[in-house]
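Since the structure comes first, as structure tokens, the remarks are kept for the end.
The structure presented is a predicted model; accordingly, all values stated were derived computationally and were not measured.
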Amino acid sequence: MMTTFDDLKQKAKDTMETLADKSVEFYKVAEERTKIFAKITKLSAEVTFEKGNVRKLYRELGKLYYDLNKTNPEPGFAQTCAEIDTSLDTISAKQKEIDELRGCADFEPVDDEGDVEDEADEKDGVEIIVEDFETPAPGTDTVEPGESVQDTIDQEGDAGTDKMPPPFTL
């Protein structure tokens, strides 16, 4: 049986139509899966953000509980309150030692180049004023609530920890 040119032409046309149909189908599947993946990514980011909020609220709640009950905590919290007291005492003692060392008559701050720092310094024709660093009093916060470095670290530390779905195959 001999195949005619018209038969070959028809087979080529049918093959091209099949390929076109498959390409359209492939595109639609890829588009739908991309939308789903984008939604998963958005929701995962929102979940991570909310987890950060919960951690922040837990810390605030714990600090509030400690402040209200540190002298007479409930039995389940006594050990933790005692550990906090010990840490605060250690911080206070170390801060006092730092303050004493800074108060020594022989103590003169040194810059990165080993030069004794003055109140004013001049580099490249620009006067640089060096202000004294004030150490916060022991037990005081140096960052406003909600703006702590730990909050930032906790939020950034969670980035990407939620499991993403495996890549899809078509």
Completion exercise
When rounded to the nearest 0.5 Å, the distance separating CZ of Phe5 from CG of Leu8 is 7.5 Å

Completion exercise
CD1 (Ile84) and CD (Gln79) are apart, to the nearest 0.5 Å, by 10.5 Å

Exercise for the section: Would you confirm whether Thr34, through its side chain, and Ala30, through its main-chain N or O, come within 3.5 Å as a donor-acceptor pair? Expected result: yes

Handout entry: Pairing residues for Glu46 by the salt bridge (Lys or Arg N to Asp or Glu O under 4.0 Å) criterion, not counting sequence neighbours
Key = Lys42

Problem - Flag if over 12 foreign heavy atoms under 6.0 Å of CD, Glu31 - result: yes

Fill in the blank from the handout: Value for OG1 (Thr48) from CG (Asn53), rounded to nearest 0.5 Å, stands at 11.5 Å

Problem - Pair Thr4-Asp7, side-chain donor/acceptor within less than 3.5 Å - result: yes

Give every donor-acceptor pair under 3.5 Å between a side-chain atom in residues 66-73 and any protein atom, sequence neighbours left out.
unit_1, atom_1, unit_2, atom_2, d
Tyr66, OH, Asp85, OD1, 2.1
Asp67, OD2, Lys63, NZ, 3.3
Asn69, ND2, Tyr65, O, 3.2

Practice task
Starting at NZ of Lys11, measure out to NZ of Lys13 and round the result to the nearest 0.5 Å.
Solution key: 15.5 Å

Handout entry: Partners passing salt bridge (Lys or Arg N to Asp or Glu O under 4.0 Å) against Lys28 (at least two apart in sequence or in another chain)
Key = none

Problem - Short side-chain donor-acceptor distance under 3.5 Å, Asp6 and Gln10 - result: no

Completion exercise
CD of Glu50 to CG of Leu57, rounded to nearest 0.5 Å, is 9.5 Å

